[in-house]
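Notes for the one structure printed next.
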Amino acid sequence: MSLERVHDMNAEPDPILIAQKLTKLYGDRIGCRDVSFSLWPGEVLGVVGESGSGKSTLLRCLAGIDRPTGGEVMFRHADKPISLFDIPEPTRRKLMRTEWGIVHQNPRDGLRMDVSAGGNVGERLMDRGDRHYGKIRAAAIDWLTRVEIGEDRIDDRPRQFSGGMQQRLQIARVLVPEPRLVFMDEPTGGLDVSVQARLLDLLRVLVRDLGIAAVIVTHDLAVARLLTDRLMVMKDGAVVEEGLTDQVLDDPQHAYTQLLTSAVLAA
Amino acid sequence: MTMMLKAEGLTKQFVLHNQGSVTLPVFAEVSFTVERGEAVILHGQSGVGKSTLLRILYGNYRPTLGHVHVRHGGDFVDIVTATPRRVLEARRKTLGFVSQFLRVIPRVKTIDIVKDPMLARGVTDDEASRRAGDMLARLNLPERLWSLAPTTFSGGEQQRVNIARSFVDPSPVLLLDEPTASLDATNRDVVVELIDEARKAGSAIVGIFHDEAVRDRVATRRLDLTAYRAAA
């Protein structure tokens, strides 16, 4: 573990994800426009802004769910950059299943509600090609434990779980195939503060230990501060400011970021 | 003599866009260098920009003009223009910031908070545990607290956890923002010793201390910011 965490300072790896002038229009209405950035392995990028700022639209384009109106998303696969929307649909779907994961704000969008907790997690391993039942079940138990769901709940359906447990189960389902890239849309939205803290700490540790890259959309600046290395601030579909998370939050330069950071009540 | 940090023409003004775009000039054209084994103490009245300057050196604030070159590994990184990942890497290995406040993360144990920077630098888990324990003991934090998260600790205890974390494996460049403020005399003396040991082991230090006695014991040089005050 400790060896994995020593990063080679001299080697400059290639970005895992590159967005170039990404634009999404809904008719005349702008979802997002001209968004460009690169994301490196192990890096966590936060996207903040109020509702309607285009952050969820951006996430949907990055994750391959919505096709952008203009621009490009490049994903590094088998050591080559591939353009996400130039490849055939089945190939893109396969990548979405195996190379990255999406944590939805509402766990119901990411879970299969009529399948047991163990099944929700094990299914992803079968997608990846695992066939050995004993190994799949053992891995499922391991992951349920990591997200603090007791082994005795493995055969229960998600609808028997509380909201916080459902969200933790969704996270296990997303992370079990060990994706290289994870997208999260308001991962703690709609949860009690006490449950949020527990989930945030869990996410922080998992992302760090697995060294995965992540894009996290949130309107909660405290979540962004705890989980992200870098921040992009969006307004009216465009990025108005970006940089190191603590720098953007502590010394905001743009009028909108200043408004956003000063509007928060200190907890 | 090895130059560890070079501040070049640092100018800072805050622009408050939502308060009539008021511009608050702080200082202008601050340049200085810090060598290995030096402790430069920032001087000047409240409001002269000592904390602002320190935060700029760490990359937490963005200067209006100027550069901050930090020796990182074999070469220099300009904290002002480097990519966020370069700055984070420099912070992980080279550049440390110590304030009197611990940023508490829910549920993380005290001992793990202290071990964390060592693990990130590749120290083995066993050695990190041993050194973390020694440091916490030296700062008079009883062993029964080590396995607890510091969320419920007193301000002074949290402060000592933060100091243990920062001095257990001191960064080559250390930025200190009043780390001894509000400590009792015994613990303040321990911190002064730790700062001195880090400096003698080669750390380059830039610090702010209000306590005159502490300042005299720590400083090898003073930098008065009054001379750089920007015209309002």
Side-chain angles (χ1 to χ4, degrees), chain A residues 1-10 12-13 15 37-45 148 193-202 204-205 208-209 213 222 225-232 241-263, chain B residues 12-22 26 51-52 55-56 58-64 72-75 77 79-94 97 103-109 112 115-129 149 151:
Chain A
M1 188 60 75
S2 61
L3 274 177
E4 284 171 19
R5 282 163 61 178
V6 183
H7 302 281
D8 186 348
M9 285 167 46
N10 301 315
E12 181 74 6
F37 68 89
S38 297
L39 184 73
W40 278 267
E43 207 175 27
V44 182
L45 171 71
E148 302 172 2
V193 179
S194 59
V195 179
Q196 273 190 28
R198 193 162 161 194
L199 192 70
L200 284 174
D201 183 48
L202 184 76
R204 189 184 62 85
V205 171
R208 191 194 59 188
D209 288 355
R225 194 189 277 277
L226 186 64
L227 292 181
T228 69
D229 303 319
R230 272 162 66 193
L231 214 52
M232 292 200 311
E241 182 162 357
E242 61 185 307
L244 270 173
T245 296
D246 64 271
Q247 191 181 77
V248 172
L249 294 179
D250 293 339
D251 188 17
Q253 309 288 313
H254 190 275
Y256 177 67
T257 319
Q258 290 187 356
L259 189 66
L260 209 60
T261 52
S262 65
Chain B
K12 178 65 178 175
Q13 54 187 43
F14 290 100
V15 182
L16 308 180
H17 291 288
N18 300 300
Q19 296 177 53
S21 292
V22 173
V26 187
S51 284
T52 297
R55 284 165 175 262
I56 288 173
Y58 190 59
N60 178 231
Y61 282 7
R62 190 178 275 279
T64 310
H72 173 60
D75 43 31
V77 176
I79 295 297
V80 179
T81 56
T83 60
R85 41 197 302 274
R86 261 311 252 176
V87 176
L88 288 174
E89 185 195 281
R91 286 180 181 178
R92 191 158 51 233
K93 304 241 163 102
T94 302
F97 190 97
R103 189 169 281 284
V104 181
I105 299 171
R107 301 206 312 164
V108 182
K109 290 180 195 171
D112 290 338
K115 280 165 66 177
D116 192 55
M118 287 187 283
L119 296 178
R121 288 170 181 168
V123 176
T124 63
D125 194 69
D126 282 353
E127 192 192 335
S129 297
T151 323

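The analysis underlying the following values was restricted to heavy atoms, covering all of them including side chains, and did not include hydrogens, waters or symmetry mates. Chain identifiers are assigned alphabetically (A, B, ...) following the order of the sequence lines, protein sequences preceding nucleic acid strands; residue numbering begins at 1 within each chain.
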**OP:** Would you name the heavy atoms of B:His17 and A:Gln258 that are closest together and state the gap between them?
**Re:** N-OE1, 2.8 Å
Original post:
Would A:Gln247 and B:Arg62 count as having a side-chain donor-acceptor pair, cut-off 3.5 Å?
Top reply: yes
Subject >> Between CG on residue A:Leu39 and CZ on residue B:Arg85, distance to nearest 0.5 Å >> reply: 9.5 Å
Original post:
Less than 4.0 Å between a side-chain N and a carboxylate O, is that true for A:Asp246 and B:Arg91?
Top reply: yes
Original post:
Which atoms of B:Val15 come close to chain A, meaning under 4.5 Å heavy atom to heavy atom: side chain ones, backbone ones, both, or neither?
Top reply: backbone
**OP:** Side chain from CB out, backbone as N, CA, C, O: work out which of these in B:Phe14 comes under 4.5 Å of a heavy atom of chain A, or both, or neither.
**Re:** side chain
Subject >> Test applied, side-chain contact (heavy atoms from CB on, under 4.5 Å); reference residue, B:Pro84; option that passes from A:Leu244, A:Thr245, A:Leu231 >> reply: A:Leu244
**OP:** Give the intermediate values and the outcome of side chain to side chain contact (heavy atoms under 4.5 Å, CB included) for residues A:Arg230 and B:Thr83.
**Re:** CA-CA 10 Å; A:Arg230 272 162 66 193; B:Thr83 60; over 6 Å; no
Subject >> chain A contact via B:Lys115 - side chain, backbone, both or neither, heavy atoms under 4.5 Å >> reply: neither
Original post:
Could you go step by step and tell me if A:Asp250 and B:Arg55 meet the side chain to side chain contact (heavy atoms under 4.5 Å, CB included) rule?
Top reply: CA-CA 10 Å; A:Asp250 293 339; B:Arg55 284 165 175 262; 4.2 Å; yes
Original post:
Any idea which heavy atoms bring B:Asn18 and A:Leu259 closest together, and the distance?
Top reply: ND2-N, 3.3 Å
